[in-house]
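Report on the structure given below.
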Protein chains: 2
Amino acid sequence: MTEVDAKKPQESLQDRLAQVVELLHRHKVVEDLTHRQEGQHQDLVENLVHRQNLAELQRRLDDLHPADVAHILEALPLDDRLTIWQLVKAERDGDILLEVSDAVRETLLADMDDHEILAAAKEMDADELADLASELPRDVVHELMESLDAQQRERVRSALSYEEEQVGALMDFEMVTIREDVSLEVVLRYLRRLKELPGHTDKLFVVDYDGVLKGVLPIKRLLVNDPERLVSEVMATDPVGFHPDEDAYDAAQAFERYDLISAPVVDKNGKLIGRLTIDEMVDLIREESESEVLNMAGLREEEDIFASVWKSLRNRWAWLAINLITAFLASRVIGLFEGSIEKLVALAALMPIVAGIGGNSGNQTITMIVRAMALDQVSTGNTSRLIRKELGVSLINGLVWGGVIGVVAFLLYDSWSLGVVMTAAMTLNLLLAALMGVLIPMTLVRMGRDPAMGASVMITAVTDSGGFFIFLGLASVFLL
Amino acid sequence: MTEVDAKKPQESLQDRLAQVVELLHRHKVVEDLTHRQEGQHQDLVENLVHRQNLAELQRRLDDLHPADVAHILEALPLDDRLTIWQLVKAERDGDILLEVSDAVRETLLADMDDHEILAAAKEMDADELADLASELPRDVVHELMESLDAQQRERVRSALSYEEEQVGALMDFEMVTIREDVSLEVVLRYLRRLKELPGHTDKLFVVDYDGVLKGVLPIKRLLVNDPERLVSEVMATDPVGFHPDEDAYDAAQAFERYDLISAPVVDKNGKLIGRLTIDEMVDLIREESESEVLNMAGLREEEDIFASVWKSLRNRWAWLAINLITAFLASRVIGLFEGSIEKLVALAALMPIVAGIGGNSGNQTITMIVRAMALDQVSTGNTSRLIRKELGVSLINGLVWGGVIGVVAFLLYDSWSLGVVMTAAMTLNLLLAALMGVLIPMTLVRMGRDPAMGASVMITAVTDSGGFFIFLGLASVFLL
């Protein structure tokens, strides 16, 4: 983690992307021309222009922060992405690989040979290596591990031993540790000898001779206190800390709540084994909310927008298939009432309104609940209150909007009884939507699942089948 | 912003919430009893128990970090929320008000008189006051402004002059500034005299006599360099900085990309006027992704889960009404084909499958695109590629799943031509869904709107009406 010197912040990401795309485009046009006119005498000229364009593009890329290059790679289709990737200086490969999303990283790694991957990975810290290890070829990982010293190797192993969503998988090992029985002056001199401090060092970790965490010394306190004072007098003795097997998302929420920059990770004996930093937590917060959006629509997380058609299909087919089954069930519900529809074809035209409004309203409820659950605002104690509130909203919506549609149905088909059935069906389906909008995510959580998982598909399934059944059922009983 | 001493991080938020709810519940049971048995001799005993419970609850609340109290307030229904709020010590009101969401803050402020609000607000910094000002009663704001010194008043005014989504509205004024022609030793002594440094001070701002930003001195460099060296030799001269009228979300993305902790805000003459810190940016990233989820479902941002039924209705009715219109249009599309349905009632049962799968698939596409847009990955240059990819995915999905459903339709109704019409209609509707899933958010952005706004309602409208029209149209032409 190096200090950032990103230039021209006024220049937006979109601008940078547009510039690179333009340079790339110019390069490709020339390439096309060269290919088409091979063997002709313009060759030489065009080759020159071509090379000039490439050189300009490369200069532009060298100027950019690794995170910006990563962003550009994300936003380009595969062939353009690889053209850019080949222009990036080898020594920056590692930094950029760490910045791109998993889906894009896979495409970049596939384009590198073992030698290149090895060179890129050698620049990385233990925690970064552990992040990438699962995606690297087996013999590259083996060779990498061989090249590490014992401590580093131990660290990579330890980071690899935790699940992706545990604190242990996200911690790094770049903490500066001090003893509590020295003066701040000594600490200041010690830091000067280090020449460089790790990124996000807002506190030093105070440990005893066994490596047990005794407290933290915030840099702020180091700076404002008399250098004669001892670390033990100035340090905070009860800092927010985490265990490696805690849920990383809980840690991220703690960072957000307590405005932390870094925090110690200790094992069950209180020994300091690593630290968490805000940058990893921000990434996690971002990823969590993204996967919430995607999961609700029945998408898995990993799909870059230029993924191949085949990868996209795999990402989407599962929920589509489930949706197909639920749609088929809804269709069979209608099938039950084919006799009624034959007698009164208006039912066929009106039934999608009942189902559609229920789906929309149910989606609103389920979105609210999933969000409140992500923020830990829903507990078993308040379920019944939530259901009552949502039922209240639905009842009013049903009577009001159902009433409007009832009047419209009456005007269209000149049957007041059809209008009344319409209003009643809409109200009942909205109540069903509200109830299921609360119960579906809660049940998923009790089953240990992600409450957002396919929430939208499931609620729509219920409101479709339910809506058809309620409306056609009521109509069959009261109208025919 | 004070240093955090949040205790027992192992104890989860859910635990804390559960404890408070339990204490609150015990308190309420006793209260109920007391009310029922008024005038009887148990009164005294019960009153004692009652007071003990309240005292325990208060002790528990005093132990909690303001952010945790805020979280508990968010998760409670209105009456419980106000009971807790009244137990919170007056001097902590300000901190907690700054932590809760806008919707909950409104309910808390409504419960306070002007005197209490004034006391809470007097503890706040200029930027915090500016955040709250719009929600405070007019005369309270007036009185507050009177009580500030000229510089503070100017700062509040300046912060208030920016839109909510501009950098200027999120900056604070707690920067430590130094001159470039002094030694690090002098800087260290200066800091010691300050007694306390503002939260998130990872760099000092180097300004000239006119207040123009010359560079930043990262604390890391201050600590590791020889104290004899001059600030000008050690500082970074080209730091990432922002203008107050820039989009705050762009700034948040820059914080995320470049792993920033704080960054200077400068006016157009290069004068330092404030700073941004990572904690504000994290909040913004969280809010942005939340509003994306909510907007897609056609909800506005501000609805706490225990909002009154009336407030919830207002939050939801607009998109429900739009949905009602679109559902009505879909119903009229079916109305056009009532003759066909009368002749072949199977059409009524099969048509929701075509519409439903289209809606689900369209929602997957639109979710992908909205997300990619939020991450700035979509530019006008790659639209056609995106459309081609999504059309490809849909074509295959349509032929495969449409084929499956076609076979099922054939088996159910023993008509191979019905099966073929079903497959064709599903494929066409999926293609329509893919096209509109890309074009709807792009059109919204070109119109200067939020691409997520009601995206789900709109795509469903298209795939419903479109699906019915395509399926019933094909059936009328080829089957009857």
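Convention: sequence-line order gives letters A, B, ...; per-chain numbering from 1.
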Fill in: Greatest number of heavy atom pairs closer than 4.5 Å to chain A - which of A330(B), S394(B), A254(B), P77(B)
P77(B)
Item to complete: Could you check if a side-chain atom of I261(B) sits within less than 4.5 angstrom of a side-chain atom of H200(A), using non-hydrogen atoms only?
Response: yes
Worksheet entry | Part of I357(B) lying under 4.5 Å from any heavy atom of chain A | both
Worksheet entry | N360(A) side chain near T460(B) side chain, heavy-atom distance below 4.5 Å | no
Worksheet, complete the sentence: Looking only at L395(B), V345(B), I334(B), the option with the highest number of non-hydrogen pairs under 4.5 Å against chain A is V345(B)
Response to the item:
One option among I341(B), N363(B), D247(B), V333(B) has the most heavy-atom pairs under 4.5 Å with chain A, and it is I341(B)
Item to complete: Examine whether an atom of V408(B) lies under 4.5 Å from a heavy atom of chain A, and if so say whether it belongs to the side chain, the backbone or both; otherwise answer neither.
Response: side chain
Worksheet, complete the sentence: When the 4.5 angstrom heavy-atom criterion is applied to M426(B) and chain A, the contacting part is side chain
Item to complete: Heavy-atom distances under 4.5 Å only: say whether L223(B) touches chain A with side chain, backbone, both or neither.
Response: both
Worksheet item: Are D226(A) and R192(B) side-chain neighbours, meaning at least one heavy-atom pair lies under 4.5 Å?
Response: no
Fill in: Side chain, backbone, both or neither of R388(B) within contact of chain A (heavy atoms, under 4.5 Å)
neither
Practice prompt. Answer yes or no: is there a side-chain heavy-atom contact under 4.5 Å between H71(A) and Q253(B)?
Written response: no
Worksheet item: With side chains defined as the heavy atoms from C-beta onward, is the minimum distance between V282(B) and I278(A) less than 4.5 Å?
Response: yes
Worksheet item: Most heavy-atom pairs under 4.5 angstrom with chain A, which of P227(B), A70(B), G335(B)?
Response: P227(B)
Discussion item. Quick check on D464(B) against chain A: is it the side chain, the backbone, both or neither that has a heavy atom closer than 4.5 Å?
Written reply: neither
Practice prompt. Below 4.5 Å from any heavy atom of chain A, which atoms of F468(B) appear? Answer side chain, backbone, both or neither.
Written response: side chain
Item to complete: Counting only heavy atoms closer than 4.5 Å, note whether L222(B) contacts chain A via side chain, backbone, both or neither.
Response: side chain
Item to complete: On the 0 to 90° scale, with breaks at 30° and 60°, tag the H65(B)-Y258(A) ring pair as parallel, tilted or perpendicular.
Response: perpendicular
Worksheet item: What residue in L386(B), V400(B), L194(B) has the most heavy-atom pairs under 4.5 Å with chain A?
Response: L386(B)
Worksheet item: With a 4.5 angstrom heavy-atom cut-off, which part of I285(B) approaches chain A: side chain, backbone, both or neither?
Response: side chain
Discussion item. Do L320(A) and Q364(B) make a side-chain contact, defined as non-hydrogen atoms from C-beta onward lying under 4.5 Å apart?
Written reply: yes
Discussion item. So for L412(A), is it side chain, backbone, both, or neither that comes closer than 4.5 Å to the heavy atoms of chain B?
Written reply: side chain
Worksheet item: Under a 4.5 Å heavy-atom cut-off, does chain B meet the side chain of L347(A), its backbone, both or neither?
Response: neither
Fill in: Contact class of L191(B) relative to chain A, heavy atoms under 4.5 angstrom
both
